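Data block below; observations after.
As the structure is a computational prediction, the values presented were derived from the model and not from experiment.
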Amino acid sequence: MPASAPKRLYTIDDIYALPDGERAELIDGQIYMMAPPNRKHQDILSFLHLSIGNHIAKNNGECRIYPAPFAVFLFANDSKYLEPDISVICDKSKLDDRGCNGAPDWIIEIVSPSSRAMDYYTKLSLYREAGVREYWIVDPIKQSILVYDMEQAAAPTIYSLADTIKANIYENLEIDFSKLQL
């Protein structure tokens, strides 16, 4: 039986060499192409970005919020390059012109049909390993939000898109999803 050819291992240079407009993530030498988001995805992203950003500004907060595309290098060796839908970083020393080096404090992923397994399994594991403090998975198809408080509990709390959800990394930030217009 012939031996199979070894898989090509990609690097961050391959990500940077992609044509303009193409988005991908890099996990352990494999490139995962990203489909363009749909309107509902963008509505949720805008709603969350404004809600969190306004809270930070109103409270003169130290954290910074970045919507995708924004580079997150989870580990120092550049083997895990991700573009979360929303990244909240409270340690400014992690920020440089490339993006975020290390774990953001809070990540939100908005599930698309093509990203379901990545968001629910692969990224959850990576974010937990890297030290992300809080991870939300917003699923428009299931009309649900899973909130992982990585510092306190192993199991997520499950909410609907009609609930008000308190962010764990802030004392006084609650997001009322019933105000989201889809």
Which of L45, I137, I86, D119 passes side chain to side chain contact (heavy atoms under 4.5 Å, CB included) with I110? Answer is L45
Roughly how far, to the nearest 0.5 Å, is the CG atom of N101 from the CG atom of D91? 11.0 Å
Heavy-atom pair of closest approach, residues A162 and D176: O-OD1, 4.4 Å
Can you tell me how far CG of D163 sits from OG1 of T157, rounded to the nearest 0.5 angstrom? 11.0 Å
Could you walk me through whether R23 and E83 pass the side chain to side chain contact (heavy atoms under 4.5 Å, CB included) test, one step at a time? CA-CA 9 Å; R23 292 180 50 217; E83 292 185 4; 2.6 Å; yes
Y148 with W106, same ILVMFWY side-chain cluster at under 4.5 Å: no
Could you tell me which non-hydrogen atom of A167 sits nearest to which non-hydrogen atom of W136, and how far apart they are? CA-CZ2, 4.0 Å
Taking Q30 for the side chain and I27 for the main chain, is one N or O donor matched with an acceptor at less than 3.5 Å? no
Modelled atom types, side-chain donor and acceptor of Y170 and N59, under 3.5 Å: no
Hey, could you give me the CD1/OG distance between I158 and S144, rounded to the nearest 0.5 Å? 7.0 Å
Under the criterion side chain to side chain contact (heavy atoms under 4.5 Å, CB included), I'd like the reasoning laid out for E151 against R133: C-alpha separation, chi angles, the key distance, then a yes or no. CA-CA 6 Å; E151 295 178 313; R133 294 169 54 202; 3.3 Å; yes
Test side chain to side chain contact (heavy atoms under 4.5 Å, CB included) applied to R98 and D78, step by step: CA-CA 11 Å; R98 289 190 333 160; D78 288 351; 3.2 Å; yes
Hey, could you give me the CD1/OG distance between I56 and S51, rounded to the nearest 0.5 Å? 11.0 Å
I want to know whether F47 and F177 have ring centres closer than 6.0 Å. yes
Would you say S46's side chain and Q42's backbone share a donor-acceptor pair under 3.5 angstrom? yes
With the threshold set at 4.0 Å, does a side-chain nitrogen-carboxylate oxygen contact exist between K7 and D28? no
Verify side chain to side chain contact (heavy atoms under 4.5 Å, CB included) between I89 and F70, making sure each step is shown before the conclusion. CA-CA 12 Å; I89 298 105; F70 179 73; 3.9 Å; yes
Measure across I169 and E134 and return the closest heavy-atom pair with its distance rounded to 0.1 Å. N-OE1, 2.9 Å
Do you know the tightest heavy-atom contact between M33 and A24? SD-CB, 3.7 Å
What's the spacing between C100 SG and R64 CZ if we round to 0.5 Å? 12.0 Å
Closest approach of A35 to S114 (non-hydrogen atoms, all atoms of both residues): CB-OG, 3.9 Å
In terms of side-chain geometry, is the basic nitrogen of K166 or D149 positioned less than 4.0 Å from the acidic oxygen of its partner? no
Mark yes or no: R128 above the aromatic ring of Y135, with NZ or CZ under 6.0 Å from the six-membered ring centre and no more than 45 degrees from the axis. no
Is a salt bridge present between K80 and E25, judged by a nitrogen-to-oxygen distance below 4.0 Å? no
Closest heavy-atom pair, N172 versus H55, reported as atoms and distance to 0.1 Å, is OD1-CE1, 3.1 Å
Identified side chain to side chain contact (heavy atoms under 4.5 Å, CB included) counterpart of Y10 within the set D14, D13, I12: D14
So, taking the atom named NE2 in H41 and the one named OG in S115, what distance separates them when rounded to the nearest 0.5 Å? 6.5 Å
Given the options V72, L95, D85, V88, Y66 meets side chain to side chain contact (heavy atoms under 4.5 Å, CB included) only with L95
